[in-house]
Undergrad: 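Could you have a look at this structure, given as structure tokens, before my questions?
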Amino acid sequence: MKIRRIQDTLIRGFAALIVFALLLLGSLSYYYLHKILIQNAEETTMQLVSQLNRIIENYISYMDDIALMAVNKEDVREFIGNPGADTPRLRDAIEKSFEAIRSVRRDIDSVFVITDDGRAIAATEGGGLNPTVDLRKRFMELEAGLVPDRPSVSSAHVENLVESRYPWVISLVRAVPDGASGKSMGLIQVDLNYEIIARLCRDIQLGKSGYVFILSRGGEIVYHPRQQLIYGNLKSERIPEILSLNGGNLSAVVDGRAILYTAVSSRETGWEVVAVSYLDELFAASRAAEYYFILLSLLVFVSAIGVAFLISSNISKPIESLRRSMQAVESGNFNIDITVNARNEVYQLARDCDIAVKKVRDLIEQNRRELELKRKLELRSLQAQINPHFLYNTLDSIIWMIELGENDRAIDMTSSLAKFFRIGISRGSETISVATEVEYVQTYLEIQKQRYKDKLSYEIAFAPELASLQILKLLIQPLVENAIYHGIKNMEGPGLIRITGLREAEAIVIRISDNGVGMGREQLEALRDGLIEPSQANGVGVHNVQERIHVYFGLEYGVSFESAPGAGTVATIRIPVIPGEVA
Amino acid sequence: MRNRSVLFLFAAAVLAAVALTLLYRGNMLLSSMPEAPRRVTVIFKTVDYRSTPFWGNVRDGVLSAGQDLGIDVSIRGPALESDIQGQIDIVRGAILEKPDAIVLAAADYNLLVPLAREIKRKGIPLVCIDSFVNSDDADVRIGTDSYEGGQKCASALMRYVHAGDTVAVMSYVKGSSTAIDREMGVRASLAGKVKLLDTLYSNADADLAHSQAALLISTTPSLRGIVALNDPTARGAARALAESGKQGTVALIGFDNSFLVLKYVERGVIRDTVVQKPFNMGYLGIRAARDLIRGKKLPLFINTGSVDISRSNMFQPENQKLLFPVAEGP
């Protein structure tokens, strides 16, 4: 199985979540920001353009006021209607009154009176009329475009009525009606300096390169800051679309840039005032916001990863430290305190582990101490075998036998003694087969029998199935010794020791019974106590047997005594069958 | 494991940055990366705009383009159009400043060749406007097809003169490429149709043109037509013709559109004038310089075109805008 670190999983999760959230937030805010920017631009541009349109209309209506005033002037009517009255004095008077207007309003370039018979008066800079202009023809051209009682407003054009200049102007023309026929015989033309309109348009700032232009009703350009480019086909505007718009907004891509047209139509002039805003400049304001958003996004991303890093290391570091502790335990070091630097479930887990490990350590310690005890006990039981009295007595007997010349018996006794010690002192295993244990006891009894002669006899009866089972060694001999010294030795007449072994379920039961003097209640109590505490009465042997059985098999096994005065004594050893060990 | 994790983090961060950047800047990023303003040096034949309004009009185009395209333009030139050495010195100074591009209207077809070569050698993009040099060192040439302009003069003249009539050609600076090409266009169209006199050179000086024309008119009674190939020449010739009172019998065809030339057209002294589009030359010259700086490939020649103007069409709306340019820009 592939192990994935908690840290990796967390960081991946965080990264994915943050990227997703930022993308969502970014695209939404981008969308709405731009929508609002376009809306705002549409509104403010519309206001600007409407205002500009009103200013232009004011100029036009002002021009019309001048024209109307001229139309109603007595001397002008006189000049038009009566060629006979055309005197230098009249011309001078009319010219002077127009010049008075021009002197207060610099924006009025010229005022003309033109009659159907080719006479004209010009109030203009430089004064003179252009002699190459056919005034009759001009009158007919101008009159053709007129509606009765209404002014006509021209598109921007070069005025060639004046001699010394070619000014760009916008002309307003009004007919002077003849009182009698109603047919006009004269016209008033007022020229507005085109530069006025151009400056008004130029003064409007729309972003870095946005601009305003004006279209006539017919789609002709009245004003455009890049008129020459349009005329030279180096630049184009969506003129038909703008005209059909009839005021409002239009988005388009022109010359590779996305633009917003905002148009207002004038009822007075029939013109269309159009603003051009470049969307990329409109969005320039949002660039800073975008820049900060990207910066912020990266910051959020990095800090989210940092937080993920912290959180995951908060989780995984204690786990990692716990894992290292457990690895140390695995490799056998129980002497460590498992603590982690955390305040969560991992801390609890570590505490539990610590308790478990400490318990295991205690058990191991207990086990070790028991083993040590066993070894000590075994040594002590060996020491018990080498009972010096028994050895001296036996050696004395052998000496006597040799002195009496009973060499055969001495040899038997010596070899029995040798065999006794060979088994008894044999090192190594703590257990021996029942057969060997029985042989050992038999050797011991044989030696004692050499001393006690007919006073001691014995019977050994073991169930044959026991022979091959394993048994703690040197269990039986101390009890036999006890039977001899306390039961048989002091009795009169021959003594018999019977040793039986049989199997009761999973236990081996060995009985050592004698027909000796037996014990009174007090003596029996003392003996039983001696099983618990070693006492002088029965030496260390019996106590040692009991203790070893308890250590190896538990308290439910052990040695018990039954006796009554004169009725002999029975010692019973109960030990479990040691499973699986068959010699 | 650790390496992969770091790699993953890095990749995620880059991805997020790229995604956000693309989201926000998109094609805006690709189309209008803010760039440092480019410096383009523009050298005219003359900066005396009062006597040759043609160059004032070119200047308007240059300044408009500079503003529209965000280019730092610096316009120079000698005071006199005939001061070729003066222009050579100005070009030499401009090369030392190492501009991003040079836009040049060569005062002489041959004498400025070594300088064009020098500009090319320095790796500075070179745009020639109006008048060119006799080498292929210019990256792009922008101007009126002068040969075609000459042909237009010739066909205008042919409306007023008869086959076999005597016609004079008055050119301006000998050796200027435009003068050479215009004259070739006139001569090629008129050859075999009329009797052509030897070419006169006015040095683009209206007074010299006046005296040359006066002499020509008075000494050649059979003269029926004059083609004057630039503005001062046309003005001088027109004055002489008006003074002689022979505007009814001698048809004068001019070039370009100064105020005086137009006045003569209105009065019928100059019958037709072939008008160039100087604003467009200036504008396109700067745009071409911008394109060359950006490494864009351009055609070797861009024709800005010319228009035949007479008294009858000079106040038509589209011609008004060409003949009486409104000062544009701020």
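Numbers restart at 1 for each chain; the letters A, B, ... are given by sequence-line order, proteins then strands.
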Undergrad: Count the heavy atoms belonging to other residues, nucleotides or ligands that lie under 6.0 Å from CZ of B:F259, then report whether that count exceeds 12.
TA: yes
Undergrad: With a 4.5 Å limit on heavy-atom distance, are the side chains of B:K263 and A:N130 in contact?
TA: yes
Undergrad: Among B:L322, B:T304, B:N57, single out the residue with the greatest number of heavy-atom pairs under 4.5 Å to chain A.
TA: B:L322
Undergrad: Has A:R217 got more than 12 heavy atoms of other residues, nucleotides or ligands less than 6.0 Å from its CZ?
TA: no
Undergrad: In terms of heavy-atom contacts, does NZ of B:K246 have more than 12 from other residues, nucleotides or ligands at under 6.0 Å?
TA: yes
Undergrad: Within the 4.5 Å heavy-atom criterion, are A:H157 and B:F315 side-chain neighbours or not?
TA: no
Undergrad: Does any backbone or side-chain atom of A:S164 lie under 4.5 Å from a heavy atom of chain B? Answer side chain, backbone, both or neither.
TA: backbone
Undergrad: Looking at side-chain heavy atoms only, is the closest gap between B:L323 and A:Y166 below 4.5 Å?
TA: no
Undergrad: Give a yes or no on whether A:L28 atom CG has more than 12 heavy-atom contacts from other residues, nucleotides or ligands under 6.0 Å away.
TA: yes
Undergrad: For the CZ atom on B:F301, are there more than 12 heavy atoms of other groups (residues, nucleotides or ligands in this structure) within a distance under 6.0 Å?
TA: yes
Undergrad: When you compare the side chain of B:K321 with that of A:I221, does any pair of heavy atoms fall below 4.5 Å?
TA: yes
Undergrad: Measure the spacing between CG of A:L234 and CZ of B:F279 and express it to the nearest 0.5 Å.
TA: 8.5 Å
Undergrad: Side chain, backbone, both or neither: which part of A:T132 has a non-hydrogen atom closer than 4.5 Å to chain B?
TA: side chain
Undergrad: Tell me, side chain or backbone of A:I18 under 4.5 Å from chain B's heavy atoms, or both, or neither?
TA: neither
Undergrad: Could you tell me whether A:K235 sits above the aromatic face of B:Y283, with NZ or CZ closer than 6.0 angstrom to the six-membered ring centre and within 45 degrees of the axis?
TA: no
Undergrad: Which atoms of A:R257 are under 4.5 Å from chain B, going by heavy atoms: the side chain, the backbone, both sets, or neither?
TA: neither
Undergrad: Considering non-hydrogen atoms only, spot the tightest contact between A:W168 and B:Q320 and give its length.
TA: CZ2-O, 3.5 Å
Undergrad: Salt bridge between A:R226 and B:D68, side-chain N to carboxylate O under 4.0 Å?
TA: yes
Undergrad: Need one label for A:Y211: side chain, backbone, both or neither, based on atoms under 4.5 Å from any heavy atom in chain B.
TA: neither
